[in-house]
Amino acid sequence: MMVFRPEAVEHMSYGLWFYAAHQSVTIGYFLPLLFLIIFVFDLDRFFVSLWRYLTLLCLGLQLSIFLYVAHLLDFTVQTSLRITLNVFDFSLFTTYWMINLDSRSVWFFILVPFILFLATLSVRPSSMRPKQLYFIILALDFILVAFFTSYDLLMFYVFLEASILPMFLLISIWGSRSRRSNASYTYFFFSMFASVLFLVAIIVVAQRTGTTCLTALYEVPTTDNIINNTLNIRTHELFNAFEQKALFVCLFVALAIKLPIFPAHIWLPEVHAEASTVGSVILASLYLKMAGFGMFFFVLPFFPIGYDSFRPYGLVLGILGLLYCSVILFRQIDIKKFIAYTSVLHMNMMVIAIFSCSSTGFTGAYFSMIVHSFTSALLFFVAGMIYDRYHTRIVFYMGDLSSRSPNMAMILYIALLTNLGFPFMGMFPAELAMVEGIYEGTSLVVAILSAVGASIAAVAHFYFLNRFLRGTSSSDYKHFERIHNLKYPELPKVENWDCVSSEYCYILPLIFFVFQTNWMSGLYFSLLADSMNALYIILGGF
Amino acid sequence: MVGLEFLYVTTELFMCFGLLALLLLGLFSFAAYSGSRTGSDGYSLSWGVPYFVNLFSGLVDCFRAFLLIIFSLSVLSLLLVYKFSFSMPEVFEVLFYGAYDLSSFAGFGKFLVVLTFLGFLIILFVYFEGGTVAKHSSFLLNFEAFFLLGIVFLASFLIVSSSNFMVFYINLELQTFVLYILVSFNRTSPKSAEAGIHYLILGSLSTGVLLFGISSFYGVTSILSFYESSIFFSLIDFGFDEFQLNVWLAALISVLILFFAFFFKLSMVPFHFWTPEVYEGAPTPIMMLVSVFGKFSILFVFIKILVLFSFAGFSFYPMFSSPYEFEFNNFFMFVGFATLFFGSVGGLYQSRFKRLWGYSAVANFGFVALALSGLSLSAYASAVLYLTFYILVNFVFFYAYSLVKSRVNSRWLEPLYLAQFSYFRLVSVVAHLVICLILVSLFSLPPLLNFLGKFFVLYTVYASAIPFNLVFIGLFLFVNLISSFYYLRLYRFMSVEGRALYFYNPVFYRTPLSLFYIPVCAGVFFYFLILILSNAYFKFLIDTVGTLLLF
């Protein structure tokens, strides 16, 4: 069995003036900051859509650079590119700013500019404060890329917390209802609370081991030709059983609140209901994945004894969340809350797979994160399009969607099908791998429960779809108006009820990727297999 | 050298005599121009000119001269302090038979006093620039303002370099009396007078407590000097001797009582009630003065006492441990937690900005108390570090605030309520962004300064030998979240809410681009500079606090 010991670790360290060949990574990394400097000046009067095109340019450049880098590096052989930035001998505590690219982080490295590009495309000219919105998108670009390529506890923490404030602004400025202030505070304090728990763990680990850098905590660089078959995690030696359990719980709960796991999932539906399209898309496809990414990088590998002890509780939480959310889907009347609960559902399934100690489960969980980014982005974009037409998110109004806008109905159909794990779409291999891993690592009961949860969710998706596309709207209106003794307002006058070409620009790539992740799931699995296998070995699975 | 000791105190002597001279000058020159002082004719700010100006063809303005003197003196002090303190850290001397302390720690304190005073002067001149007497700008029309500020400067110097309880008490009183006066300086405002009286009465009570502690400590040990007390604590050895135990207990209790006076000055919990009241009534730059000068010179002495009493000499029973199970190690931690809790929770209901700032000061000093509870040099260094960050954050905030005031000028209305901050963006985008940066830094968002300060404090406290320190660290971080709510609320008013047109549209009354952007930009530059150099600064502080052990 191969162990995830990067044989080709290219370490680079250079100052502001680069001379190395992989400077493209650094250029792409700092590109958003360079573009943000242009935002300082008041250039609006010269060209109205300047900021939009600047953002698109930046994100496009970044995406192309990152794709080029991902093409250059051969991730089939376990390479890892590490670049250390020494800017004026900068050190925050004992940290050096390190960019890390390996077969796990490269997916999100590419995903971030891609999703943000699509989100920028979805911003309409009539939206308020466009300059600030594009500023936030570029700032988030930097923060998220820095997050997914961080290889140090403190840097991870810095960018995790730094991402809270832009989302706070996205919800509170561009949300639609007055309840958005409640939602933004809820999000802020849930996330900060979680981060604080993480900080406690960081302080303890940093004190005990004397460093926060993962190269010291995680791997031991080999000195000679002897192949080291066991991974030496120093945390093993330095923390006794009780401390490992306590710190694992600390780290897990911190990221679980952001994931979000069942008892602490309240903030997600509320935030999704109140945020605008851009906010929802970024939250669902990138923020939730930050927490999952953190799980794989920090929570799981550090404290195997803690993992072992916490497994039953984690499984219970995941199953509870899965079953609860799958059942509550039947009672949702708000589109975005529905999609939010499906997000919670998928994340909980991911948690069950994480706590099933099996490499298939881990791979399935990681892959489902990637796929879920695409599917939730697609769903929220469609929900945004629907909201633009109907100016409401309540499902009762949308029974005539298939007659008014058939193309949008078809896209919604595809999106909901992929969300439930329909074959030929990306979510299917993910769920398959997860359930198989769950069965492999835990008992039949847990596997059946998770499959049952997924099935109930699938039924709820079809029920929802039915109400959307096949509901008879006028009779529903009359029925509810009669029962509740009120008069529903008229539908707004919209030029085109169906999708416009500008909207296809950000929908079609996502539909492509929804299918591509299924066709090329072998690619994802093969690149992730070795690292997830190594994780499995660390956790004592064999 | 015994005879030439006064050379080390040239700064203080110069200040002393200079202030007295300027007091006389001011009295005699303003007598002839009392008409323009009341400002009932609405003249804009103008400097009083002495009656003998004709002798110098109208070129002499003694108060501009005073300013020049203050500035040059500050620079001179910087050089002197550097020369006599930093370059010879191993020199320890107590001058004038134990009244003046010449250690590197005191030198560093004086250095910080000078820098802080210079920064404060910038705020003063920007804030009170322009405007009429009727609109809060009469502060600088009076020569008393300069005299009193000079005394605050002098007193801070003397406090930081006091090595004796009696000398410390005298200098502290010098500073506090002047602060009482400055708080109530705004004669037209009843709130200002109320704040002054509030501060006076509660401050006098705390001075009484201080004297009680000092006198009982003197009664127990007949020692007034800090360094000799350190020897006292190091020579105590309980063994089989109950008498020494009783002496130690009595000394400890008297020291704790005198610490309550420190808690008052540093607005820690059971004695923090004066803070919001005084901050509300005082004019804004004076509020800053109280929050900065009133606190950090006292913190320096506090750290000096803690270091010397706890572990300067080699003692079996340092001050905060005992042969019984009951230990005082958690004392500061508990006080710090209570301070943070009441500062955070108390600020939640406030709708007025200055009271909020008062509660924010209380909450910040909770962390300082936590840092003081770590019984190690690095913990005390992290306390000074946190304080430096707090001062810098305060300064940058008020630079931006006073920039807005100076640009709006004669139509400035003090933002009493939080929602009134939303129009800052119309006046100056730079000031708006800087204030947003400071607020974001205040709710301890990494990697900004306040987070870094808290991280250092918590890191050093975790390393200390206090039981349940991890629980306290977690509690501190969670209660800190409560305080982040009111910063977030102010941030929301500034950046999220619509641009309130407040009484007028200040855009049309904006003065042309002013030089007052320079302190704002310089402040932000120093903010990030200190952020990057925080590691080096922390190590420097550990060395500086360590020089106290060298005696």
Side-chain angles (χ1 to χ4, degrees), chain A residues 40-42 87-95 97 128-129 132 136 146 154-166 168-175 180-181 184-185 188-208 210 212 243 246-247 250, chain B residues 378 425 429-430 433 436-437 439-441 443-449 451-452 454-464 469-489 491-499 528-529 531-536 538-539:
Chain A
V40 166
F41 303 105
D42 189 21
V87 181
F88 307 118
D89 250 347
F90 171 77
S91 58
L92 184 74
F93 188 55
T94 58
T95 309
W97 199 340
M128 61 185 251
R129 300 200 216 171
Q132 201 171 353
I136 290 179
L154 208 57
M155 279 295 160
F156 176 86
Y157 180 75
V158 163
F159 292 115
L160 190 67
E161 285 228 346
S163 65
I164 298 176
L165 191 66
F168 174 80
L169 289 173
L170 275 174
I171 302 166
S172 52
I173 301 178
W174 288 279
R180 67 184 188 273
S181 61
S184 55
Y185 282 130
F188 187 86
F189 286 106
F190 267 84
S191 300
M192 288 287 271
F193 184 83
S195 301
V196 154
L197 276 172
F198 201 89
L199 184 63
V200 173
I202 288 178
I203 290 174
V204 174
V205 169
Q207 265 280 339
R208 201 70 74 88
T212 52
E243 285 168 349
L247 285 168
C250 225
Chain B
S378 53
R425 189 187 165 275
V429 177
V430 171
L433 289 174
C436 284
L437 172 72
L439 288 172
V440 168
S441 144
F443 42 77
S444 45
L445 210 68
L448 298 172
L449 271 189
F451 164 74
L452 206 59
K454 283 163 188 154
F455 186 80
F456 275 116
V457 167
L458 295 169
Y459 188 83
T460 53
V461 162
Y462 178 64
S464 67
N469 50 6
L470 203 58
V471 173
F472 270 103
I473 286 174
L475 281 174
F476 262 86
L477 284 170
F478 293 131
V479 176
N480 192 39
L481 274 184
I482 302 177
S483 72
S484 70
F485 173 75
Y486 44 78
Y487 299 122
L488 188 65
R489 192 170 51 183
Y491 179 74
R492 188 168 69 95
F493 282 127
M494 294 202 78
S495 14
V496 173
E497 300 298 322
R499 308 288 178 236
F528 287 109
L529 191 69
L531 186 67
I532 291 173
L533 300 175
S534 54
N535 259 343
F538 184 57
K539 292 190 175 85

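In what follows, every heavy atom counts, from backbone to side chain, and hydrogens, waters and symmetry copies are set aside. A, B, ... follow the sequence lines: proteins, then strands. Residue 1 opens every chain. Quick caveat, the model's predicted, so the values are computed rather than measured.
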Side-chain contact, heavy-atom cut-off 4.5 Å: B/Phe455 with A/Tyr157? no
Working to the nearest 0.5 Å, report the span between CZ of A/Phe168 and CG of B/Leu488. 4.0 Å
If you apply the rule side chain to side chain contact (heavy atoms under 4.5 Å, CB included), what do you find for A/Arg208 with B/Tyr462, and how did you get there? CA-CA 10 Å; A/Arg208 201 70 74 88; B/Tyr462 178 64; 3.8 Å; yes
Between A/Tyr185 and B/Arg492: side-chain donor-acceptor atoms closer than 3.5 Å: yes
Would you mind reporting whether B/Lys454 and A/Leu199 have side-chain heavy atoms less than 4.5 Å apart? no
I'd like to verify something: which residue of A/Val40, A/Ile202, A/Val204, A/Ile164 has the highest number of heavy-atom pairs under 4.5 Å with chain B? A/Val204
Which heavy-atom pair separates B/Val496 from A/Arg129 by the least distance, and what is that distance? O-NH2, 2.8 Å
Please work out whether the ring planes of A/Phe188 and B/Phe443 are parallel, tilted or perpendicular, with thresholds of 30° and 60°. perpendicular
Tell me every residue that passes ring pair (Phe, Tyr, Trp, His ring centres under 6.0 Å) with B/Phe478, counting only those two or more places apart in sequence or in another chain. A/Phe193
With a 4.5 angstrom heavy-atom cut-off, which part of B/Tyr491 approaches chain A: side chain, backbone, both or neither? side chain
Distance in Å, B/Ile482 CD1 paired with A/Met192 CE, rounded so as to fall on 0.5 Å steps: 12.5 Å
Side chain, backbone, both or neither: which part of A/Leu165 has an atom under 4.5 Å from a heavy atom of chain B? side chain
Applying ring pair (Phe, Tyr, Trp, His ring centres under 6.0 Å) to B/Phe472 and not counting sequence neighbours gives none
Rounded to the nearest 0.5 Å, what separation is found between the CG atom of B/Leu470 and the SG atom of A/Cys250? 7.5 Å
State whether the side chain of A/Gln207 and the backbone N or O of B/Tyr459 hold a donor-acceptor pair below 3.5 Å, judged by distance alone. yes
Top contributor to chain A contacts, counting heavy-atom pairs under 4.5 Å, from B/Ser444, B/Ser484, B/Pro446: B/Pro446
Looking at every heavy atom in both B/Ser495 and A/Ile173, which two are closest together, and how far apart are they? O-CD1, 4.1 Å
